[in-house]
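First the structure, in the form of structure tokens, and then the observations on it.
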Amino acid sequence: MLHPAEPWQQSGRWDLIGDELFRLKDRKEADLCLAMTHEEIFTTLALELSSYKQLPQVWYQIQTKLRDEPRPKSGVLRVREFTMKDSYSFDLDQAGLDVAFANHYTAYQRIFARLGLSAVPVEASSGMMGGAGSVEFMVRSDAGEDWIVVCPTGDYSSNVETASAVLAPVEDPTPASLEKFATPGVRTIKGLEEFDGGAAANRQIKSLFYVVDSDLVVVLMRGDHSLVEQKLLDGLSVVEARPATADEIFAAVGAHPGSLGAVGVEGFRIVADLALKNRGGMTTGANDDDFHLRNVDMDRDIRVDDWLDLREVLGGEPCINCGAPLEVEKTIEIGHIFKLGTRYSEPFGATVLDENGKSQSIFMGSYGIGVERNMAAIVEANHDSKGIIWPVSVAPYQVVITVLRPEDADTFGAAIRVYDELRLAGVDVILDDRNERPGVKFADAELVGFPLRITVGPRGVESGFLELVTRATGEIEEVSVGDIVGVTRDRLVGSPQ
RNA sequence: CGGGCUGUGGCGCAGCUUGGUAGCGCGCUUGUCUGGGGGACAAGAGGUCGCGGGUUCAAAUCCCGCCAGCCCGACCA
């Protein structure tokens with residue numbers, strides 16, 4: 001969908017979002033974009049609402065979305081243009097939004113179950129959507145690109161972008177005075193671990209320099225911990241940040257990556273991961289190439305502006321709710337629901353009058369399901385070496401009638417009769433009357449993945465028994481012509497829905 | 001954006017190093033046989049070799065530029 005720039009400027013996302021928003025100009029040089037989601041448009045439509053009596057409402061559509069991905073990949077899983085079923089809820093207050101959100105949560109779980117998908121709801125970052133609180137629905141798959149953290153006891157699940165875990169305490173030595181020492185050629189955490197007089201990774205402070213809104217920000221992590229960039233973005237309430245270049249860093253502190261630290265650094269915002277809180281006896285770069293500092297005390301030596309949870313949770317770390325070892329799994333994101341609150345209604349002035357005649361910004365929610373991704377996830381979860389095995393609920397047809405020798409009038413007539421009877425019985429059936437060899441037609445039916453196949457050939461017509469094959473199991477049943485409709489319906493009910 | 005690679009009948013590819021007649025498989029057309037797990041034989045049709053420029057007597061092949069796509073990484077609600 002082509003959108004004018006104005007609504008996107010009004011929400012602020014025109015400037016907030018980077019190259020992922022596909023911008024273009026028309027012949028009059030007017031700014032346009034290809035919509036990556038439709039909050040702006042639905043909020044504009046919501047300007048029509050004027051009274052609390054019109055709320056709550058839920059609107060939905062199935063629409064094309066476009067995101068200018070740096071690198072589309074993985075077949076249909078990550079593409080520039082895709083189809084999304086998105087809905088938007090409108091409520092008078094937070095309580096109403098909570099209800100709409102909970103309803104969607106339940107409905108989505110039922111949708112995914114009917115699609116034959118085992119969807120795991122997880123806490124997630126709202127990213128560029130804004131608002132507070134969001135839940136992603138994930139399906140475990142090696143083809144996925146998202147990592148989630150789950151507790152095997154079922155009391156915790158989160159995208160790694162928001163996940164936390166209990167941190168094992170570290171015993172620090174008694175405080176000592178800061179000491180600068182030469183570390184010729186040492187440029188990495190590992191290098192400093194192996195250096196004589198160096199320090200274990202969990203006794204080091206890793207200093208990362210980022211550019212946020214064209215300002216330099218120093219990010220401090222424990223040496224053995226990895227930064228989750230999304231946590232940094234969320235913690236700083238920004239949508240974009242990038243690592244500073246070596247040149248930018250040198251211009252700022254006079255040292256190169258590998259010898260960086262935050263001790264005595266002034267003029268930049270310094271944010272530190274919670275794992276460093278109260279730590280002492282640490283080792284870090286001295287902002288002087290080939291020199292490090294030891295006996296660094298976080299409280300005494302570093303002016304931290306913000307303490308944030310920034311680190312990546314690893315498998316095996318204790319759950320924050322029950323202490324059980326967490327598991328990290330690769331998944332496909334098949335749905336994402338957001339509590340937008342007044343993130344969009346306020347800048348657009350989408351308000352209604354409440355029962356006291358007072359103007360209130362509408363509380364909105366936004367709920368998306370990626371259609372192609374769901375199909376891909378279904379196929380990933382339901383296939384074998386021969387092809388797809390569609391669950392009955394989403395199969396293009398529930399039954400295929402494979403007619404052998406369709407030019408034989410008796411055989412074709414029998415096939416048509418079964419076809420008509422099944423249709424009358426409400427079964428979604430397709431007739432393969434192509435003049436192909438049996439092997440070709442069987443193989444095609446299995447590749448496409450119809451849940452059931454009925455074979456009608458001269459042999460069966462003569463004997464009065466037809467072959468009913470269940471795709472998922474390969475089970476073959478000989479069913480009399482008179483029973484075929486009933487047995488077929490029984491098998492459909494018994495199949496995965 | 002960094003690294004690697006590909007673009008040749010409808011589809012999948014070979015040919016390019018070493019310039020000279022565009023070839024193979026599948027599919028398609030016609031015919032005969034065949035007919036319950038991807039048939040056999042025979043005869044055919046079908047190609048601006050991604051686009052533009054250059055070198056050359058001669059370019060699918062060598063050189064330059066561009067476009068599109070794929071893989072790894074970065075990035076990605």
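A, B, ... follow the sequence lines: proteins, then strands. Residue 1 opens every chain.
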Exercise. Got a donor-acceptor pair under 3.5 Å from the side chain of Arg242(A) to the base of C75(B)?
Worked result: no
Problem set entry | Separation of atom OH in Tyr210(A) from atom P in A74(B), rounded to whole Å | 12 Å
Problem set entry | Any-strand Watson-Crick or G-U partner of C33(B), both distances under 3.5 Å | G39(B)
Exercise. Using the C1' atom in both, what is the distance from C51(B) to G69(B), to the nearest Å?
Worked result: 15 Å
Exercise. Using a cut-off of 4.0 Å on non-hydrogen atoms, how would the nucleic acid contact of Gly18(A) be classed: base, sugar-phosphate, or nothing?
Worked result: nothing
Exercise. What is the distance, rounded to the nearest whole Å, between atom CZ of Arg78(A) and atom P of C72(B)?
Worked result: 13 Å
Seminar exercise, completed: Applying the 3.5 Å cut-off to both distances, the Watson-Crick or G-U partner of C62(B) turns out to be G54(B)
For this session: Take atom P in U6(B) and the same atom in A45(B), then report the distance between them in whole Å.
Result: 33 Å
For this session: Identify whether any heavy atom of Arg80(A) sits under 4.0 Å from a base atom; if not, whether one sits that close to sugar-phosphate; answer base, sugar-phosphate or nothing.
Result: nothing
Exercise. How far does the P atom of C62(B) sit from the matching atom of G15(B), given to the nearest Å?
Worked result: 12 Å
Seminar exercise, completed: To the nearest angstrom, the CD-P distance between Glu436(A) and G37(B) comes to 15 Å
Exercise. The side chain of Glu407(A) lies closest to which of these nucleotides: G38(B), C75(B), G35(B)?
Worked result: G35(B)
Problem set entry | Length of the CZ-P vector between Arg471(A) and G37(B), whole Å | 17 Å
Exercise. So what does Glu467(A) hit on the nucleic acid, given a heavy-atom distance under 4.0 Å: a base, only sugar-phosphate, or nothing?
Worked result: base
Problem set entry | Polar contact flag, side-chain donor to acceptor under 3.5 angstrom, Ser11(A)-Glu40(A) | yes
Exercise. Hey, does the side chain of Asp273(A) reach the backbone of Leu310(A) with a donor-acceptor pair shorter than 3.5 angstrom?
Worked result: yes
Exercise. With a 4.0 Å cut-off on heavy atoms, is Asp444(A) in touch with a base, just the backbone sugar-phosphate, or nothing at all?
Worked result: base
For this session: Figure out the CZ/C1' separation between Arg434(A) and C28(B), and round it to whole Å.
Result: 15 Å
Exercise. Taking atom C1' of G36(B) as reference, at what distance in whole Å does atom CD of Glu462(A) sit?
Worked result: 13 Å
Problem set entry | Aromatic contact, Phe338(A) with Tyr88(A) (centres under 6.0 Å) | no
For this session: Between C76(B), G36(B), G35(B), spot the one nearest the side chain of Asn435(A), thanks.
Result: G35(B)
Seminar exercise, completed: Applying the 3.5 Å cut-off to both distances, the Watson-Crick or G-U partner of A68(B) turns out to be U6(B)
Problem set entry | Candidate list Glu161(A), Met138(A), Glu333(A), test side chain to side chain contact (heavy atoms under 4.5 Å, CB included), partner Ile148(A), passing option | Met138(A)
For this session: Look at all strands and tell whether Glu240(A) reaches a base, only sugar-phosphate, or nothing, counting heavy atoms closer than 4.0 Å.
Result: nothing
Exercise. Picking from C76(B), G39(B), G36(B), which would you name as closest to the side chain of Val440(A)?
Worked result: G39(B)
Exercise. Strictly by modelled atom types, are Gln61(A) and Asp86(A) linked by a side-chain donor-acceptor pair under 3.5 Å?
Worked result: yes
Problem set entry | Pairwise P distance for A60(B) and A22(B), with rounding to whole Å | 10 Å
Exercise. Is there a Watson-Crick or G-U wobble partner for C28(B) with both distances under 3.5 Å, and if so, which one is it?
Worked result: G44(B)
Exercise. Roughly how far apart, to the nearest Å, are G50(B) and C67(B) at atom C1'?
Worked result: 8 Å
For this session: Determine the interatomic distance between P on G7(B) and the same-named atom on G12(B); round to the nearest Å.
Result: 12 Å
Problem set entry | For G73(B), the Watson-Crick or wobble counterpart (both distances under 3.5 Å) | C1(B)
Problem set entry | Phe90(A) ring center near Trp59(A) ring center (under 6.0 Å) | yes
Problem set entry | Donor-acceptor pair (no angle test) under 3.5 Å: Arg437(A) side chain, G35(B) base | no
For this session: Scan Glu446(A) against the nucleic acid and name what it touches under 4.0 Å (heavy atoms): base, sugar-phosphate only, or nothing.
Result: base
Exercise. Rounded to whole angstrom units, what separation is found between the NZ atom of Lys386(A) and the C1' atom of G37(B)?
Worked result: 9 Å
Exercise. Checking all strands, does Thr402(A) fall into the base, sugar-phosphate, or nothing category for heavy-atom contacts under 4.0 angstrom?
Worked result: nothing
Seminar exercise, completed: Against the side chain of Phe442(A), the closest entry in G37(B), C76(B), G38(B) is G37(B)
For this session: With P as the reference atom in both, quote the distance from G46(B) to U30(B) in angstrom, rounded to an integer.
Result: 16 Å
For this session: Report the base-pairing partner of G23(B) (Watson-Crick or G-U wobble, both distances below 3.5 angstrom), or none.
Result: C13(B)
Problem set entry | Side-chain donor-acceptor contact under 3.5 Å, Asp483(A) with Ser480(A) | yes
Exercise. Using the P atom in both, what is the distance from G47(B) to U8(B), to the nearest Å?
Worked result: 15 Å
For this session: Would you classify Glu69(A) as touching base, sugar-phosphate or nothing, given that sugar-phosphate means primed atoms plus P, OP1 and OP2, and contacts are heavy atoms under 4.0 Å?
Result: base
Exercise. Taking atom types as modelled and ignoring hydrogens, do the side chains of Ser134(A) and His336(A) form a donor-acceptor contact shorter than 3.5 angstrom?
Worked result: yes
